[in-house]
Amino acid sequence: MARDARTAAILELVDAIPRGRVMTYGDVARTLGIASPRLVGQVMARDGHEVAWHRVVLATGRPADHLVAEQCARLAEEGVPLCGRRVDLAAARWLPGSAARTSGVEGR
DNA sequence: AGCCTGACAGATA
DNA sequence: GTATCTGCCAGGC
């Protein structure tokens with residue numbers, strides 16, 4: 001396995017996402033200083049089975065085509081603002097440091 | 001060693 | 001909003 005600083009950082013950040021919030025692959029990658037959102041997905045596919053992978057969604061606010069059911073169910077359970085099959089990134093998008101506003105739905 | 005594939009994102013048309 | 005091209009990192013063959 002990778003065990004690289006990048007891989008560890010990805011898993012750590014994903015695992016650090018609070019309940020009821022989500023992050024896009026691009027946001028996670030940029031936050032870690034990585035220029036490849038694919039790495040996030042790759043890491044999730046290999047070692048993401050032990051982290052909150054379901055809190056990571058596509059930039060379109062929609063989970064991976066393989067995880068739509070799983071993602072949607074888990075996110076709904078955690079109180080993530082879902083817009084049909086999509087996540088309301090406007091309220092659910094979480095950035096490290098901006099964790100102040102716990103539940104985005106009330107955020108403001 | 002090199003080539004291909006893979007949980008994507010962003011820009012352009 | 002959809003479709004296409006490119007960029008990028010790591011793993012498998």
Side-chain angles (χ1 to χ4, degrees):
Chain A
M1 318 277 209
R3 241 66 114 249
D4 290 279
R6 283 181 250 267
T7 308
I10 292 168
L11 293 170
E12 189 176 354
L13 180 58
V14 172
D15 187 47
I17 300 174
R19 176 170 167 276
R21 297 307 282 272
V22 298
M23 277 185 83
T24 69
Y25 291 95
D27 283 352
V28 174
R30 283 196 166 194
T31 301
L32 298 173
I34 302 170
S36 301
R38 301 179 101 168
L39 255 298
V40 182
Q42 294 312 97
V43 173
M44 302 304 290
R46 304 201 178 282
D47 300 287
H49 59 86
E50 46 187 319
V51 296
W53 56 268
H54 56 264
R55 295 202 182 121
V56 187
V57 299
L58 296 174
T60 52
R62 198 178 87 171
D65 197 38
H66 332 174
L67 311 162
V68 175
E70 196 72 56
Q71 271 281 27
C72 188
R74 285 176 179 251
L75 295 176
E77 276 293 299
E78 302 194 344
V80 174
L82 291 174
C83 267
R85 277 207 266 283
R86 277 170 225 172
V87 179
D88 187 353
L89 292 176
R93 193 184 239 180
W94 176 78
L95 277 330
S98 302
R101 43 201 77 180
T102 53
S103 304
V105 283
E106 305 200 52
R108 194 267 217 112

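By convention in this document, chain letters (A, B, ...) are assigned in the order of the sequence lines, proteins followed by strands, and residues within each chain are numbered from 1. Reckoned from all heavy atoms, side chains included, excluding hydrogens, waters and symmetry mates.
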For A:A45, answer base if it contacts any base atom (sugar-phosphate contacts may also be present), sugar-phosphate if it contacts only those atoms, and nothing otherwise; contact means non-hydrogen atoms under 4.0 Å.
-> base

Round to a whole Å and report the spacing from CG of A:L58 to P of B:dG6.
-> 16 Å

Applying side chain to side chain donor-acceptor pair (under 3.5 Å) between A:E78 and each of A:R19, A:R55, A:R21, report the one that passes.
-> A:R55

Taking N and O atoms by type only, does the side chain of A:R38 place a donor or acceptor under 3.5 Å from a partner on the base of C:dG7?
-> yes

Interatomic distance, A:L89 CG vs C:dG1 P [rounded to whole Å] | 12 Å

Nearest whole angstrom, please: distance from the P of B:dT5 to the NE2 of A:H66.
-> 16 Å

Would a 4.5 Å heavy-atom cut-off, applied to side chains only, mark A:V57 and A:Q71 as touching?
-> yes

Should A:R74 and A:W53 be marked as a side-chain contact (heavy atoms from CB on, under 4.5 Å) after you check the CA-CA gap, both sets of side-chain angles, and the distance that decides it?
-> CA-CA 10 Å; A:R74 285 176 179 251; A:W53 56 268; 4.1 Å; yes

Output, in order, the C-alpha distance, side-chain angles, deciding distance and verdict of side-chain contact (heavy atoms from CB on, under 4.5 Å) for A:L13 and A:M23.
-> CA-CA 10 Å; A:L13 180 58; A:M23 277 185 83; 4.2 Å; yes

Closest listed nucleotide, where the reference is the side chain of A:Q42 and the choices are B:dG10, B:dG6, C:dC9 = B:dG6

Between B:dA9 (C1') and A:L32 (CG): distance, integer Å | 15 Å

Over how many whole Å does the gap from A:R30 atom CZ to C:dC9 atom P extend?
-> 14 Å

Using atom CG of A:D47 as one end and atom C1' of B:dG6 as the other, report the distance to the nearest whole Å.
-> 14 Å

In whole angstrom, what separates A:D27's CG from B:dC8's P?
-> 15 Å

Winner on side-chain proximity to A:P37, out of B:dG6, C:dC8, B:dC8, is B:dC8

In whole angstroms, how far is the C1' atom of C:dA10 from the CG atom of A:L11?
-> 13 Å

Look at the side-chain N and O atoms of A:R6 and state whether any lies under 4.0 Å from the OP1 or OP2 oxygen of C:dA10.
-> yes

